[in-house]
**Student:** 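Supplied in structure tokens, the structure appears directly below.
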Amino acid sequence: MNIEKLWDRLAPGTRQWLVDNPGCRILPRSVVAAIAKATGEELEQDRHGETVLSPSDCEFIRTASRLQEANSQASL
């Protein structure tokens, strides 16, 4: 999966979940289902319906989280 390429197609709630959980390396099946529904992409899943994020996906999410935090601090 390349979360960066899918990011703009994700629902705001899904993006927010990812930003709120930047250390998560394994996506729960509810998040995997939300990503698949929004993008039409079938993600590689384990037998529990979870998806393991690549290091580049994790880094992108951490960066998005830091940016959102910086933006919210700037608006105070």
Side-chain angles (χ1 to χ4, degrees):
M1 170 174 49
N2 186 333
I3 199 75
E4 185 173 3
K5 289 183 180 179
L6 302 176
W7 191 255
D8 291 335
R9 295 168 40 199
L10 300 179
T14 304
R15 285 194 306 259
Q16 189 62 50
W17 188 93
L18 292 166
V19 166
D20 289 344
N21 298 279
C24 184
R25 293 198 25 96
I26 300 174
L27 297 179
R29 66 179 153 210
S30 59
V31 175
V32 173
I35 292 171
K37 181 178 178 185
T39 65
E41 300 283 331
E42 288 300 320
L43 307 178
E44 187 175 324
Q45 300 174 22
D46 66 14
R47 62 188 171 120
H48 303 291
E50 299 170 328
T51 295
V52 177
L53 293 172
S54 70
S56 62
D57 288 335
C58 291
E59 184 57 36
F60 175 80
I61 293 167
R62 282 191 296 271
T63 300
S65 180
R66 286 191 297 266
L67 287 173
Q68 181 173 318
E69 186 176 323
N71 287 339
S72 66
Q73 294 290 329
S75 65
L76 293 178

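A quick note: this is a predicted structure, and the numbers were derived from the prediction, not measured.
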**Student:** Side chain to side chain contact (heavy atoms under 4.5 Å, CB included), that's the test. Do N2 and F60 meet it? Break it down for me.
**Tutor:** CA-CA 9 Å; N2 186 333; F60 175 80; over 6 Å; no

**Student:** Quick one: pull up CG in L43 and CG in L6 and give me the separation to the nearest 0.5 Å.
**Tutor:**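 Taking CG in L43 and CG in L6, the distance rounds to 7.0 Å.
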
**Student:** Are there over 12 heavy-atom neighbours, none belonging to E69, within less than 6.0 Å of that residue's CD?
**Tutor:** no

**Student:** Show, in sequence, the C-alpha distance, side-chain angles and deciding distance for L10 and L18, and conclude whether the side chain to side chain contact (heavy atoms under 4.5 Å, CB included) test is met.
**Tutor:** CA-CA 10 Å; L10 300 179; L18 292 166; 3.9 Å; yes

**Student:** If you round to the nearest 0.5 Å, how far is CZ of R29 from OG1 of T51?
**Tutor:** 12.0 Å

**Student:** Grab the two heavy atoms, one from I26 and one from E50, that are nearest each other, plus how far apart they are.
**Tutor:** CG2-CB, 3.7 Å

**Student:** What's the shortest heavy-atom distance between P22 and I61, and which atoms?
**Tutor:**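 Nearest heavy atoms, P22 then I61: CA-CG2, 3.8 Å.
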
**Student:** In terms of side-chain heavy atoms, does S65 have a donor or acceptor partner in R62 at a distance below 3.5 Å?
**Tutor:**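 Judged by distance alone, the side chains do not pair up.
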
**Student:** About how many Å separate CD of E41 and CD1 of I3, when rounded to the nearest 0.5 Å?
**Tutor:** 10.5 Å

**Student:** If you look at every heavy atom in I35 and T39, which pair is closest and at what distance?
**Tutor:**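 That closest heavy-atom pairing would be O-OG1, 2.7 Å.
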
**Student:** Please tell me if the side chains of D46 and V52 come closer than 4.5 Å, counting only heavy atoms from C-beta onward.
**Tutor:**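 Heavy-atom side-chain distance check fails, nothing below 4.5 Å.
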
**Student:** What is the minimum heavy-atom distance between G40 and R9, and which atoms define it?
**Tutor:**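 Smallest interatomic distance, heavy atoms only, reads N-NH2, 4.4 Å.
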
